[in-house]
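This report refers to the structure that appears directly beneath it.
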Protein chains: 2
Amino acid sequence: MNKLSKLVELAPDDVAMLEAVTARSRKYAARQDVICEGDRPGPVFVLLEGWACRYKILPSGTRQVMAFLMPGHSCDLHVNILAEMDHSIQAISPAMIATISRSEMQEILDDYPNIARAMYAAQPIDEATMRAWIVSMGRRSSIERAAYLMCELYVRARSIGLADDDSFAFPLSQRILADALGMTAVHINRVLKELQLRGATELNRGSPDIIDPIKRVQIAGFDENYLHRRLNNTF
Amino acid sequence: MNKLSKLVELAPDDVAMLEAVTARSRKYAARQDVICEGDRPGPVFVLLEGWACRYKILPSGTRQVMAFLMPGHSCDLHVNILAEMDHSIQAISPAMIATISRSEMQEILDDYPNIARAMYAAQPIDEATMRAWIVSMGRRSSIERAAYLMCELYVRARSIGLADDDSFAFPLSQRILADALGMTAVHINRVLKELQLRGATELNRGSPDIIDPIKRVQIAGFDENYLHRRLNNTF
DNA sequence: CGGCAAATTGAGGTGCCTCAAGCTCTGTGG
DNA sequence: CCACAGAGCTTGAGGCACCTCAATTTGCCG
């Protein structure tokens, strides 16, 4: 949370407030739903630890993941306007999540303009990420798409201190990668093998995985401007 | 604009303000760029008439459309946080677009809370649309995707009074449909033929086209909850 | 050690793409 | 009013990327 809020200068009492709110938090197991499609949106969630994802299951039974959430992300700041959730949110790894009631959140936004600004500042970034995701889904091959997603995740992980220069803990199963990239578990497997062959990534199965420097993965087509802009924390 | 702002009750002086700002506007030809990728974001744009789209061209030369904008939409309320545009915006049909300088916009948002609220209220809807778009791209067949997009556009057109109960002016060429749906112009053509065969849509080429009632297109897989919620203007 | 989820691997099919023509409008200038 | 150009739409044939089905292996956990 503090990490994300580097978007804006925070005063000491802003930080104090954040820490206070954040103290009340709950643990979620990997693969546990935080909120389900159809639920009436309740409080605002803030991810403190672990990864989560937004996903939707179609009538056909297939699943599509539309976003990965990392520590510092808050969910549905204002989704309350919609009558009910049009998708679900699920913890990927064991996660710690703070809960803030809607009224409380409103007070915070009113009384702490810095925090409000930071939260609104986070939004266009999420939107840009979604637009990039759409571009990937529409116009990139499966291998490019996979490499691109890894770059995206690497950059984000790094911006909140979860990644070194040349590797980072990658908690995504092939299954969830496939659901995020719009392909089959079978196929993502072959794609990963190919990426490994080309020396772009190095994944170790099962347990948390390692990915090589972005430079290599770039080969597979990450928008460098976008990347640099974000690594230089214009972000 | 007034149309979109049915999200929130507007007082008479809100409306007056909108009309004043809106008076200064400029005409764009079909296919003309409003702002290009790489540009430094300037003023805020508000679409008054006609359709526009956000798109991005990849190194490979293919294009992906990621959003359609309809009258009432404002572009990049706060993209200014990003250093430069990561995509372009282009008029699809001849369009009328108002321009509001960033400082002016800030004043409006500060002084007219109703308007500010309406603008922020519009955002989660756009986000939901993008999420739905991602789901389509990832997990729907080309024919479902096409039908889904048409439903989406129909609902939106209708919500701003641009569509009847059973038809609406559809200004999208097959080319742009293909770019939006992540497929080939050749293939969208065959898909449209198939939709026609199945009685789901009826398109007349070239000039503005007609689409049959959603009920039929639903056959191809539109989320009914989502639909109803929006038709019953929970939207 | 047994049970389960995830990862792998193979074989066969298909949806969508590519390439390549030909067609149909609309607009423009002679 | 006609010819011509250009953009968009159609149609066909062949190929590849990714899917489906199905089985096996691997690693994790109680």
Side-chain angles (χ1 to χ4, degrees), chain A residues 29-32 58 60-65 90-94 136-147 149 170-198 201-210 220-221, chain B residues 29-32 58 60-65 90-94 136-147 149 170-198 201-210 220-221:
Chain A
R31 212 111 49 69
Q32 187 179 356
L58 297 185
S60 66
T62 56
R63 184 170 84 142
Q64 179 65 41
V65 168
Q90 180 174 88
I92 292 173
S93 45
S136 264
M137 302 294 290
R139 293 297 184 202
R140 279 191 250 262
S141 69
S142 60
I143 194 170
E144 291 169 334
R145 221 154 52 205
L149 177 61
F170 193 74
L172 303 183
S173 69
Q174 293 186 5
R175 175 72 205 290
I176 212 173
L177 265 179
D179 285 343
L181 295 169
M183 47 201 197
T184 307
V186 171
H187 193 58
I188 190 61
N189 182 320
R190 304 199 227 257
V191 165
L192 290 177
K193 199 168 28 164
E194 174 67 19
L195 279 174
Q196 223 155 327
L197 256 179
R198 293 203 205 168
T201 68
E202 192 171 315
L203 291 185
N204 302 313
R205 51 125 104 269
S207 49
D209 302 322
I210 307 294
Chain B
R31 213 113 47 72
Q32 188 179 355
L58 297 185
S60 66
T62 56
R63 185 170 82 142
Q64 179 65 40
V65 168
Q90 179 174 88
I92 292 173
S93 46
S136 265
M137 301 294 289
R139 293 298 184 202
R140 279 191 249 262
S141 69
S142 60
I143 194 171
E144 290 169 334
R145 221 154 49 200
L149 177 61
F170 193 74
L172 302 184
S173 69
Q174 293 187 4
R175 176 72 206 290
I176 211 172
L177 265 179
D179 285 343
L181 295 169
M183 46 201 195
T184 308
V186 171
H187 193 59
I188 188 64
N189 181 325
R190 305 198 226 256
V191 164
L192 290 176
K193 199 167 31 162
E194 173 68 18
L195 279 173
Q196 222 155 331
L197 256 179
R198 294 203 203 168
T201 67
E202 192 169 317
L203 292 186
N204 302 313
R205 51 121 106 271
S207 48
D209 301 323
I210 307 295

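Because the structure is predicted, anything quoted here is derived from the model rather than measured. Chain A is the first sequence line, chain B the second, and so forth, proteins listed ahead of strands; every chain is numbered from 1. In what follows, every heavy atom counts, from backbone to side chain, and hydrogens, waters and symmetry copies are set aside.
Residues satisfying the side-chain contact (heavy atoms from CB on, under 4.5 Å) criterion with A:Ala91, sequence neighbours excluded, are A:Tyr28, A:Ala95. Listed by chain and number, the residues in a side chain to side chain donor-acceptor pair (under 3.5 Å) with A:Arg63 are A:Gln90, A:Asp179 (sequence neighbours excluded). Shown here are the side chain to side chain donor-acceptor pair (under 3.5 Å) partners of B:Thr184, two or more places apart in sequence or in another chain: there are none. Evaluation of the side chain to side chain donor-acceptor pair (under 3.5 Å) rule for A:Thr62 yields A:Ser60 as partners, not counting sequence neighbours. When the side-chain contact (heavy atoms from CB on, under 4.5 Å) test is applied to A:Ser173, the partners found at least two apart in sequence or on another chain are A:Arg175, A:Ile176. Residues satisfying the side chain to side chain donor-acceptor pair (under 3.5 Å) test with A:Gln32, not counting sequence neighbours, are none.
For the pair A:Leu197 CG and C:dT9 P, the computed distance is 11 Å after rounding to whole Å.
Across its full length, the helix from C:dC1-D:dG30 to C:dG30-D:dC1 shows an angle of 40° between the axes of its 5 terminal pairs at either end, rounded to 10 degrees.
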Identify each atom pair where a protein N or O and an N or O of nucleotides 12-14 of chain D are less than 3.5 Å apart, giving names and distance.
unit_1	atom_1	unit_2	atom_2	d
D:dG12	N7	B:Arg190	NH1	3.2
D:dG12	O6	B:Arg190	NH2	3.4
D:dA13	N6	B:Arg190	NH2	3.2

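Looking at heavy-atom distances under 4.0 Å, B:Ser173 makes contact with sugar-phosphate atoms alone, never a base.
For the pair B:Glu194 and B:Arg198, the salt-bridge criterion is met [side-chain N within less than 4.0 Å of a carboxylate O].
For B:Gln174 (side chain) and B:Ile188 (main-chain N/O), no donor-acceptor pair under 3.5 Å exists by modelled atom type.
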